[in-house]
J.: 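Here's a structure for you.
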Amino acid sequence: MKMRISDRKHIIGAALVAVLVVTPAASRAAVTSTTPTGKRPNIVIILGDDLGFSDMGCFGSEIKTPHLDSLAQAGVRCTQFYTSASCSPTRSMLLTGVDTHLNGLGSMDEWAAPNQWGVDGYEGYLNNRVTTLPQVLKDAGYHTYMVGKWHMGKSPDKIPAARGFERDFSLLDGAGSYWDMSSFTAANPKSTFTEDGRYLKKLPKDYYATKTYTDKIISYIEANRGDGKPFFAYVSHQAPHDPYHLPRDWRNRHVGEYDKGWDVVRQERLKRQIEMGIVPKDTQLAERMWFVPDASLLAPAARAIMGKKMELYAGMVENMDYHTGRLIDYLKKIGEYDNTIFIVFGDNGAEGADLFKMIAGTPGTRNFLFASMQWSQTHPNAWGDPHTYVGYGPMWAQVSMTPFSQYKGLMCEGGIRNGLIVSGPIVKRPPGSINRGLMHVADLMPTLLEVAGASYPKTVNGQAPPPLIGKSWVKMLAGEEESPRSGQDYLAWEIFGNHAVRQGDWKLVWQYKPYGTEQWELFNLAADPGERHDLAAQEPDKAKALLALWDEYARANKVVLPNRVMWEGQAKQMPDRYPVVDGYPPLLYQKQFVPPPDMMANPKP
């Protein structure tokens, strides 16, 4: 289905998404306690950076995540939870409940297009027209703590301490070394950190990101636990975002396990997902991306090298799980675990792009020289050490997003759907149950305001703030409803020029080539979660109705489609796109013919 001229006028997107319905819970205080004791609950959000839908054991992974799995066993797993397709836009909605095109992250700061520069909603940081979840919770009597990645502004009026966090230890950049302050570009060679509103000159002794973040959040809770106030802890992990840096004793826990290749691991994960009830029994895997080779055709050494990258990634996830276990054990020790809500998810799809290549650029540039010096340790035996840079590529990113299509930055389900765990006193559903309601990261603000008995403010800096776009989960978590949304509610997305809208089981998607067709594609996600079958030609009325909803979303949220995008020129640099059919061409898979032994003979004289 071709895009209309009016839709193409500005085509190329900014940043993310949302729903257009203001939830009633956002406009009033919820004064009834949600806990049996009447005591307001603590709240812990554990955010994995680029953590994939299927990367936790409780979502079908072979990666060992016993502590995260224990939260799932005590609470509920949600299988239709949506985020942005990229990190800072997701974080902006998590902390404001407002659409990205209004809260300042209409595009990631690093990728804002020229026609978005200076436009309200595209500041590249949380603007002063919105309030934040920690600010409202602090005003309602909560302690508010943050550790980890911020990525929403660096100047003194934009850091966590200025946006409602009482205590923080924060990486202000979007990524960096796990061992030190090393950053990625010649112009920005050093990552910026804050602690309690002060910019750090150096990092603590024996710093390792995931460990240090956990040490700090435990210390903040401990410092104030005697005063009886509840706390909100935002544990915004850097892991498992690349570069894959790991202590040596975490690097070799899956040696050789991934040499069998990405297709086999995807199939194994899907089998477990079906057995667990995560996906329906007739679910098909999304098509392997056309430029990713069949691992069975690679030489053993090549499979081993590619497998080692996934070994490191698995170690990153397991290390994050281990440190989550430390936090859980601490809360049990001090008697706060049973009164704590845990919310666990990844901030977008898994990362399939080669970020190092994107940042380093071409020989002769200052960033290429900087990268070759700063990230100079390239031998596989050194991977995980300081000054190494390893990412796992599109083949393993698709594994992380099993069973979905594509990955981070893109509008297929692999870019925007995440596994979600919620546990704690507000969950009244059977322990270990699975929910398939339609949910969104912007729902966290109205949900947690209702839990805390707080109200969304009527004014922010003397002006009416943008409306909340989410829906409270409180009734769903209590087992009083299956979804916070009706069949008429919808979600919409836009980032980097790619955009989509979902209502009920139907989803309409527009993406740039080579990952899309630059035409609207229509999918029925109930029947086709892998988005294999475009139904736009068969269902033109449905496509037209969803397109009208996307237009409505874009107008309401002042979407400015960008005039430059990161996808420029990629179609010419990549192989032509054809359907991937297992076993084609047969020539590559034909094995040596072996005649029957009783018909073998030596040549006659």
Side-chain angles (χ1 to χ4, degrees), residues 16-30 34 41 43-47 53 75-85 89-103 105 130-134 136-137 232 234 236 341-348 416-424 426-429 434-456 465-493 501-504 553 556-557:
L16 178 80
V17 346
V19 208
L20 297 175
V21 184
V22 181
T23 173
S27 62
R28 67 176 187 270
T34 54
I43 302 163
V44 175
I45 294 177
I46 298 173
L47 187 64
F53 178 87
V76 59
R77 285 165 288 173
C78 302
T79 63
Q80 296 203 79
F81 170 72
Y82 286 93
T83 62
S84 167
T90 289
R91 295 156 198 273
S92 73
M93 290 190 293
L94 186 166
L95 292 181
T96 69
V98 171
D99 183 78
T100 56
H101 302 90
L102 299 178
N103 69 27
L105 274 296
V130 295
T131 190
T132 66
L133 177 61
V136 178
L137 290 179
F232 167 59
Y234 175 40
S236 178
I341 298 167
F342 286 88
I343 301 170
V344 183
F345 60 98
D347 63 343
N348 42 243
I416 56 178
R417 200 194 288 199
N418 268 273
L420 170 71
I421 300 169
V422 184
S423 71
I426 60 169
V427 180
K428 308 301 182 186
R429 290 176 169 273
I434 295 171
N435 176 263
R436 295 177 175 81
L438 190 59
M439 301 163 71
H440 189 272
V441 67
D443 299 341
L444 284 168
M445 175 72 110
T447 300
L448 296 179
L449 294 190
E450 185 172 351
V451 166
S455 299
Y456 189 60
L468 295 182
I469 58 175
K471 298 275 194 176
S472 174
W473 299 342
V474 169
K475 287 186 177 180
M476 183 279 291
L477 294 173
E480 298 173 11
E481 61 185 18
E482 287 305 305
S483 176
R485 288 179 171 79
S486 72
Q488 298 306 306
D489 292 324
Y490 68 91
L491 302 174
W493 295 259
V501 58
R502 175 175 177 176
Q503 184 183 49
Y553 162 79
N557 292 284

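If you read the sequence from its start, that first residue is 1, and numbering goes on from there.
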J.: May I have the step-by-step check of side-chain contact (heavy atoms from CB on, under 4.5 Å) for Leu137 and Thr132, ending in yes or no?
T.: CA-CA 9 Å; Leu137 290 179; Thr132 66; over 6 Å; no
J.: Quick check: do Val501 and Leu491 have side-chain heavy atoms less than 4.5 Å from each other?
T.: no
J.: With a 4.5 Å heavy-atom cut-off, do Lys471 and Asp489 have their side chains touching?
T.: yes
J.: Salt bridge check, Lys475 against Glu482: does any charged N sit closer than 4.0 Å to a carboxylate O?
T.: no
J.: Measure from the side-chain N and O atoms of Asp347 to the backbone N and O of Thr90, and report whether any donor-acceptor pair falls under 3.5 Å.
T.: no
J.: As a test of understanding, state which of Val422, Val427, Asn435 forms a side-chain contact (heavy atoms from CB on, under 4.5 Å) with Met476.
T.: Asn435
J.: Cut-off 3.5 Å, side chains only: do Arg502 and Gln80 have a donor facing an acceptor?
T.: yes
J.: Quick one, Leu95 and Val130 - any side-chain contact, counting heavy atoms below 4.5 Å?
T.: no
J.: Is there a donor-acceptor contact under 3.5 Å linking the side chains of Asn103 and Ser92?
T.: yes
J.: With a 4.5 Å heavy-atom cut-off, do Ile45 and Phe232 have their side chains touching?
T.: yes
J.: State the CZ-CZ distance between Arg417 and Phe53, to the nearest 0.5 angstrom.
T.: 6.0 Å
J.: Would a line drawn from the ring center of Trp493 to the ring center of Tyr553 be shorter than 6.0 Å?
T.: no
J.: Are Arg91 and Leu47 side-chain neighbours, meaning at least one heavy-atom pair lies under 4.5 Å?
T.: yes
J.: So Met439 and Trp473, do their side chains get closer than 4.5 Å, heavy atoms only?
T.: yes
J.: Phe342 versus Ile421: any side-chain heavy-atom pair under 4.5 Å?
T.: no
J.: Quick check: do Ile343 and Val44 have side-chain heavy atoms less than 4.5 Å from each other?
T.: no
